[in-house]
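Have a look at this one.
In this chain, numbering begins with 1 at the start of the sequence shown.
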Amino acid sequence: MNIEPATLDDLPVIIAMREEASQWLAERGIDQWREPWPNAEAQAERIAASIKAGETWMVRGDGAIAATVALDEYADPKLWTLAEQHEPALYLHRLIVRRPWSGLGGRILDWACSRAHALCKEWVRIDVWTHNKSLHEYYMRHGFHHVRTLDLADYPSGALFQREADSPSRQ
C-alpha cells in the first residue's frame with residue numbers, strides 16, 4: 001500500500017470512485033451517495049479544494065488506484081460541539097475503497113490514526129451516513145466509538161464516531 005497526496009489530475013478519478021461506490025451501495029439497498037451532495041458542482045469544488053490544501057490522499061495497490069481518503073482539521077460546527085471543536089483532532093472524509101481492494105479500509109484507518117498521532121492530535125473523527133448501520137458497525141469494528149447521532153434535515157451524515165489517534169485497530 002502506497003499513500004500519496006492527490007493532485008488535481010486525480011479529481012475525475014475520485015468522482016468516478018464515488019459513483020462506483022454509490023452504485024455498489026445502491027445494489028445493497030443503501031441510499032448513501034445516491035446524489036452528489038449538495039450537488040455535483042459543489043461536490044467537485046469541495047474535493048478540489050481538499051486536494052489543493054493537501055488533505056486528500058490516493059492509495060495505490062499493485063500500481064493501480066485502490067482507494068482515496070481525505071483527512072483535515074475542520075470540525076463542522078453543526079456536528080461537533082464547541083468543546084469537541086477545541087480538542088486536537090483530524091476529521092476523516094470520503095474513504096472510498098475500490099471493490100478489488102475491499103480489505104484495505106482498516107489499514108487506511110490505521111494510517112489515518114498514525115498520521116493524527118504524529119501531528120499530536122488526540123482523535124480521528126468521522127461523520128457517517130445516518131442510516132447506513134453496516135458502516136457504523138464497520139467503524140466500530142475498527143476501534144471507533146459512537147459519539148452520538150444527529151437528525152439533521154439538511155445533512156445526511158449525522159452519525160458521529162471517533163477513535164483515539166494512538167489506539168490500535170481492533171480488527
(request) Would you please name every residue forming a side-chain hydrogen bond (donor to acceptor under 3.5 Å, both in side chains) with Glu55, sequence neighbours left out? (result)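 With sequence neighbours excluded, Glu55 shows a side-chain hydrogen bond (donor to acceptor under 3.5 Å, both in side chains) to no residue whatsoever.
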
(message) Using ring centroids (six-membered ring only for Trp), state whether His136 and Phe161 fall under 6.0 Å.
(response)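 Yes; His136 has its ring centre under 6.0 Å from that of Phe161.
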
(message) Test of understanding: with salt bridge (Lys or Arg N to Asp or Glu O under 4.0 Å), list the residues that count as partners of Glu20, not counting sequence neighbours.
(response)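 Salt bridge (Lys or Arg N to Asp or Glu O under 4.0 Å) list for Glu20, sorted by chain: Arg98.
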
(request) Starting at CZ of Arg115, measure out to CD1 of Ile108 and round the result to the nearest 0.5 Å. (result)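 The distance works out to 14.0 Å.
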
(message) So, taking the atom named CG in Leu79 and the one named CG in Leu160, what distance separates them when rounded to the nearest 0.5 Å?
(response)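 Interatomic distance, Leu79 CG to Leu160 CG, rounded to 0.5 Å: 5.5 Å.
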
(message) How long is the straight-line distance from CD1 of Ile47 back to CG of Leu8, given to the nearest 0.5 Å?
(response)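 That separation rounds to 11.5 Å.
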
(message) Can you give me the closest heavy-atom contact between Ala116 and Val124, atom names plus distance?
(response)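 Closest heavy-atom pair between Ala116 and Val124: CB-CG2, 3.6 Å.
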
(request) Without swapping roles, check the side chain of Asp76 against the backbone of Lys78 for a donor-acceptor pair under 3.5 Å. (result)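 Yes, because the side chain of Asp76 sits within donor-acceptor range (under 3.5 Å) of the backbone of Lys78.
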
(request) Sequence neighbours left out, what pairs pass side-chain hydrogen bond (donor to acceptor under 3.5 Å, both in side chains) with at least one residue falling in residues 63-75? (result)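 Listed once each, the pairs are Asp72-His93, Glu73-Lys121.
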
(message) Suppose we screen for ring-ring contact (aromatic ring centres under 6.0 Å, His included). Which residues come up paired with Trp101, at least two apart in sequence or across chains?
(response)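 Expected list: none.
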
(request) Just jot down the side-chain contact (heavy atoms from CB on, under 4.5 Å) partners of Ser134, sequence neighbours excluded, or say none. (result)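 For Ser134 the side-chain contact (heavy atoms from CB on, under 4.5 Å) partners, ignoring immediate neighbours, are Asn132.
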
(request) Mind checking the CG-CD spacing from Asp127 to Gln162? Nearest 0.5 Å is all I need. (result)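 So the CG of Asp127 and the CD of Gln162 are separated by 12.5 Å.
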
(message) List the residues meeting side-chain hydrogen bond (donor to acceptor under 3.5 Å, both in side chains) with Thr149, not counting sequence neighbours, and say none if there are none.
(response)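 Checked Thr149 against side-chain hydrogen bond (donor to acceptor under 3.5 Å, both in side chains); matches are His146.
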
(message) Using every non-hydrogen atom in the two residues, find where Ile14 and Ala6 come nearest and quote the distance to one decimal.
(response)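 Minimum heavy-atom separation between Ile14 and Ala6: CD1-CB, 4.5 Å.
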
(message) Between Phe144 and Tyr139 (judged by ring centroids, cut-off 6.0 Å), do the two rings come close enough to count as a pair?
(response)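 That pair passes the under 6.0 Å test.
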
(message) Give me the atom names and distance for the closest heavy-atom approach of Ala89 to Arg125.
(response)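 Closest heavy-atom pair between Ala89 and Arg125: CB-NH1, 3.9 Å.
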
(request) Would you check if Leu92 and Val69 make a side-chain contact, meaning some heavy-atom pair closer than 4.5 Å? (result)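 Sidechains of Val69 and Leu92: in contact.
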
(request) Tell me, please, which residues at least two apart from Arg148 pass salt bridge (Lys or Arg N to Asp or Glu O under 4.0 Å). (result)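 Listed in chain order: Glu84.
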
(message) So does Arg18 get a backbone contact from the side chain of Ser22, meaning a donor-acceptor N/O pair under 3.5 Å?
(response)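 No; zero donor-acceptor contacts below 3.5 Å.
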
(message) Donor-acceptor check, side chain of Asn39 to backbone of Ala42, threshold 3.5 angstrom: yes or no?
(response)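 Here the side-chain-to-backbone pair exists.
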
(request) Looking only at non-hydrogen atoms, find the nearest pair between Gly61 and Ala66 and report the distance. (result)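 Answer, listing the atom of Gly61 first, then Ala66: N-CB, 4.0 Å.
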
(message) Could you work out, with ring-ring contact (aromatic ring centres under 6.0 Å, His included) as the rule, every residue matching Trp111, not counting sequence neighbours?
(response)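 Scan of Trp111 (ring-ring contact (aromatic ring centres under 6.0 Å, His included), adjacent residues dropped) gives Trp57.
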
(request) For Ser50, enumerate each residue passing the side-chain hydrogen bond (donor to acceptor under 3.5 Å, both in side chains) test, keeping only those at least two apart in sequence or located in another chain. (result)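 Result, side-chain hydrogen bond (donor to acceptor under 3.5 Å, both in side chains) vs Ser50: Thr56, Arg94.
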
(request) Mind checking the CG-CE spacing from Asn2 to Met58? Nearest 0.5 Å is all I need. (result)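 Those atoms lie 11.5 Å apart.
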
(request) Identify the two heavy atoms, one from Leu109 and one from Tyr138, that lie closest to each other, and give their separation to 0.1 Å. (result)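 Looking at all heavy atoms of both residues, the shortest contact is CD1-CE2, 3.9 Å.
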
(request) Tell me, please, which residues at least two apart from Trp123 pass side-chain hydrogen bond (donor to acceptor under 3.5 Å, both in side chains). (result)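 Trp123 satisfies side-chain hydrogen bond (donor to acceptor under 3.5 Å, both in side chains) with Glu87 once adjacent residues are dropped.
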
(message) Please enumerate all residues that pass side-chain contact (heavy atoms from CB on, under 4.5 Å) together with His131, with sequence neighbours excluded.
(response)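 His131 satisfies side-chain contact (heavy atoms from CB on, under 4.5 Å) with no other residue.
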
(message) Rounded to the nearest 0.5 Å, what separates atom CG in Leu152 from atom OG1 in Thr130?
(response)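 It is 7.0 Å, given to the nearest 0.5 Å.
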
(message) Can you give me the closest heavy-atom contact between Gln85 and Ala75, atom names plus distance?
(response)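 Where Gln85 meets Ala75 most closely, the heavy atoms are CG-CB, 3.8 Å.
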
(request) Sequence neighbours left out, what passes salt bridge (Lys or Arg N to Asp or Glu O under 4.0 Å) with Glu4? Give chain and number order. (result)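 Salt bridge (Lys or Arg N to Asp or Glu O under 4.0 Å) list for Glu4, sorted by chain: Arg60.
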
